[in-house]
Amino acid sequence: MNTNFRKVAICGSGLMGTGIAQVFANYGVAVAIYSVEDTEAEVIKKVDSDLRMLVDRESFSIEKAQDTLARIQVSNDLEKTIEDADLVVECIPEKMNLKQTLFERLDRICDPHVILATNTSVMSITEIAKKAKLKNRILGTHFWNPAFLIPLVEVVRTEDTSEEVIGRTINILNAVGKHPIRVNKDVPGFVANRLQHALWREAISIVENGIADAITVDESIKYSFGMRLPVLGPIENADMVGTDLTLAIHHYLLKHLENSTEPSPLLVEMVEKGELGFKSGMGFRQWSKEEMIESRRKLNHYLIDVEKRNHNKPIKNN
């Protein structure tokens, strides 16, 4: 780790805040979490629960988990939290007025060299930074849940973000084992969520139009192109099969795909009926408590095993 990097401050003690804190603490960085709702004991318990899962899966030693936990402090005093920090990551609820107020305050109390980042997954970073003066040091760092297991972080620049801040942020993220990507425009959904929800729109449409049921749609992805996605992205795949073949398929197929700019009527109806998926036990399919537990277990174990395999790969510079 770059010895010039002293500390990271996290604003927010929810799922993403504690997960991001763990990312940095795992790599020997001092972390301070600003929490206005949870006590220090409650925050530490959340992190400890994730670390125990890693230990149980033999991804972490008990000693490493203890060291990670020892590097995390919690405070309800914002100025104390950001003291000596080189990077501040905001993870508070997705409410624009709350984020704008926080960034206005952070901009006022943080030294000019401190990078101010938001973990928002959907909101305009330009709007979040609207009330701040030093807009050149504000950018997006969109971690994916669970932050301590999924490598990707979308580094999103606004028209005001300096190249120097982008470069420093990417170097910091590389140093703690993440895979940062540059997002050159502050657009809704950035890169990965745009791709993910384009797929979800077509998947829901297939169910809605009776082409296949929900389980079949998921199986069609899991047992086909989903298997190659970790090593073969769609653009590389298009080059592999040939841009001429890709063009021919698109000439024929695209006009038959879902292109609605509004949410699916089926999805709207489900939400109105209280069919909220895991939250209610019924969504596109019915879920028992045991099935929900097993689904989450399989996902976590899969991600941990992938992380273990990738752990010793050399860090790349973007």
Side-chain angles (χ1 to χ4, degrees), residues 1 6-85 87-95 98-99 102 117-121 141-151 153 176-178 276-279 281 287 289-308 311:
M1 185 82 205
R6 298 166 294 179
K7 172 182 164 184
V8 62
I10 309 291
C11 294
S13 58
L15 190 65
M16 293 306 299
T18 54
I20 294 170
Q22 186 179 325
V23 168
F24 289 97
N26 286 350
Y27 277 80
V29 180
V31 178
I33 300 176
Y34 172 59
S35 175
V36 295
E37 294 183 353
D38 298 321
T39 65
E40 181 174 12
E42 290 170 332
V43 175
I44 294 301
K45 184 178 179 180
K46 293 179 187 179
V47 180
D48 185 54
S49 176
D50 291 335
L51 290 170
R52 286 178 184 274
M53 180 174 62
L54 295 173
V55 171
D56 290 343
R57 198 65 181 170
E58 298 182 346
S59 179
F60 264 34
S61 67
I62 294 176
E63 292 75 19
K64 183 175 180 180
Q66 291 172 338
D67 288 344
T68 296
L69 209 57
R71 295 188 188 102
I72 299 174
Q73 296 182 333
V74 183
S75 175
N76 60 7
D77 183 330
L78 181 60
E79 295 200 16
K80 179 180 177 181
T81 302
I82 60 94
E83 186 178 359
D84 294 328
L87 170 66
V88 179
V89 182
E90 170 269 312
C91 301
I92 66 174
E94 297 278 68
K95 295 182 179 180
L98 294 180
K99 290 180 184 290
L102 177 60
T118 172
N119 185 57
T120 184
S121 61
T141 51
H142 178 218
F143 290 75
W144 283 67
N145 182 42
F148 60 96
L149 291 177
I150 295 185
V153 182
V176 294
K178 306 310 284 183
L276 306 179
F278 280 22
K279 295 177 180 178
W287 295 91
K289 183 178 180 180
E290 292 73 22
E291 287 172 328
M292 289 186 277
I293 292 172
E294 177 63 10
S295 178
R296 289 193 174 102
R297 185 197 67 81
K298 285 170 61 178
L299 174 60
N300 285 331
H301 285 189
Y302 168 77
L303 292 173
I304 291 170
D305 290 345
V306 170
E307 176 71 10
K308 285 166 64 177
H311 184 70

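What you see is a predicted model; the values in this text were computed from it and never measured.
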Q: For the atom pair OH (Y34) and CD1 (I82), what is the distance rounded to the nearest 0.5 Å?
A: 11.5 Å
Q: For residues 53-60, which side-chain N or O atoms pair as donor and acceptor with protein atoms under 3.5 Å away, sequence neighbours left out?
A:
unit_1 : atom_1 : unit_2 : atom_2 : d
R57    : NE     : D305   : OD1    : 3.3
R57    : NH1    : H301   : ND1    : 3.2
R57    : NH2    : D305   : OD2    : 2.9

Q: What distance do L51 atom CG and I44 atom CD1 have between them, rounded to the nearest 0.5 Å?
A: 9.5 Å
Q: For a quick test of reading the model, state the closest non-hydrogen atom pair linking S121 to H142 and the distance between them.
A: CB-NE2, 3.2 Å
Q: Within the distance-only criterion (no hydrogens, no angle test), does the side chain of K7 pair as donor or acceptor with the backbone N or O of E83 below 3.5 angstrom?
A: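 Indeed, once roles are kept as given, a pair shorter than 3.5 Å links the two residues.
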Q: So V88 and C11, side-chain contact (heavy atoms from CB on, under 4.5 Å) or not? Walk me through it.
A: CA-CA 7 Å; V88 179; C11 294; 3.9 Å; yes
Q: With rounding to the nearest 0.5 Å, note down the distance linking OG1 in T120 to CD in E94.
A: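 Answer rounded to 0.5 Å: 3.5 Å.
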Q: State whether the number of non-hydrogen atoms from other residues, nucleotides or ligands found under 6.0 Å of R297 atom CZ is greater than 12.
A: yes
Q: Between CG of N300 and OG of S295, what distance do you get to the nearest 0.5 Å?
A: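 Reported to 0.5 Å precision, the distance equals 9.5 Å.
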Q: Nearest 0.5 Å, what's the CG-CD1 distance between L299 and I304?
A: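 Rounded to the nearest 0.5 Å, the CG-CD1 separation comes out at 9.5 Å.
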Q: Taking the side chain as every heavy atom from C-beta outward, state whether V29 and R71 have any atom pair closer than 4.5 Å.
A: no
Q: Residues in salt bridge (charged side-chain N to carboxylate O under 4.0 Å, His left out) with D50, at least two apart?
A: none
Q: Search all heavy atoms of V31 against all heavy atoms of F24 and return the closest pair with its distance.
A: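 Heavy atoms of V31 and F24 come nearest at CG2-CB, 3.7 Å.
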Q: Taking atom OH of Y302 as the centre, does the number of heavy atoms from other residues, nucleotides or ligands within less than 6.0 Å exceed 12?
A: no
Q: With side chains defined as the heavy atoms from C-beta onward, is the minimum distance between S13 and E42 less than 4.5 Å?
A: no
Q: Decide yes or no on side-chain contact (heavy atoms from CB on, under 4.5 Å) for L78 and L102, but give the supporting numbers first.
A: CA-CA 10 Å; L78 181 60; L102 177 60; 4.0 Å; yes
Q: I'd like to check V36 versus N76 (side-chain heavy atoms, cut-off strictly below 4.5 Å). Are they in contact?
A: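 Answer no - side chains too far apart.
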Q: Short question: side chain of K178, backbone of I150 - any donor-acceptor pair under 3.5 Å?
A: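 Yes, the answer is positive, given that a donor and an acceptor are paired below the 3.5 Å cut-off.
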Q: What pairs of residues pass the salt bridge (charged side-chain N to carboxylate O under 4.0 Å, His left out) test when at least one of them lies in residues 18-38, not counting sequence neighbours?
A: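 As it turns out, the salt bridge (charged side-chain N to carboxylate O under 4.0 Å, His left out) pairs with a partner in residues 18-38, which skip direct neighbours, are D38-K46.
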Q: Judged by atom type as modelled, is there a donor-acceptor pair below 3.5 Å linking the side chain of S49 to the main-chain atoms of K45?
A: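 Absent.
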Q: State, to 0.1 Å, how close V23 and F148 come at their nearest heavy-atom pair, and which atoms those are.
A: CG2-CA, 3.7 Å
Q: State whether the side chain of Q73 and the backbone N or O of S75 hold a donor-acceptor pair below 3.5 Å, judged by distance alone.
A: no
Q: If you take all heavy atoms of T81 and I33, which pair is closest and at what distance?
A: CG2-C, 4.0 Å
Q: How long is the span from the CE atom in M16 to the CH2 atom in W144, to the nearest 0.5 Å?
A: 10.0 Å
Q: Between N119 and I10, is there a side-chain heavy-atom distance shorter than 4.5 Å?
A: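 A side-chain contact under 4.5 Å is absent here.
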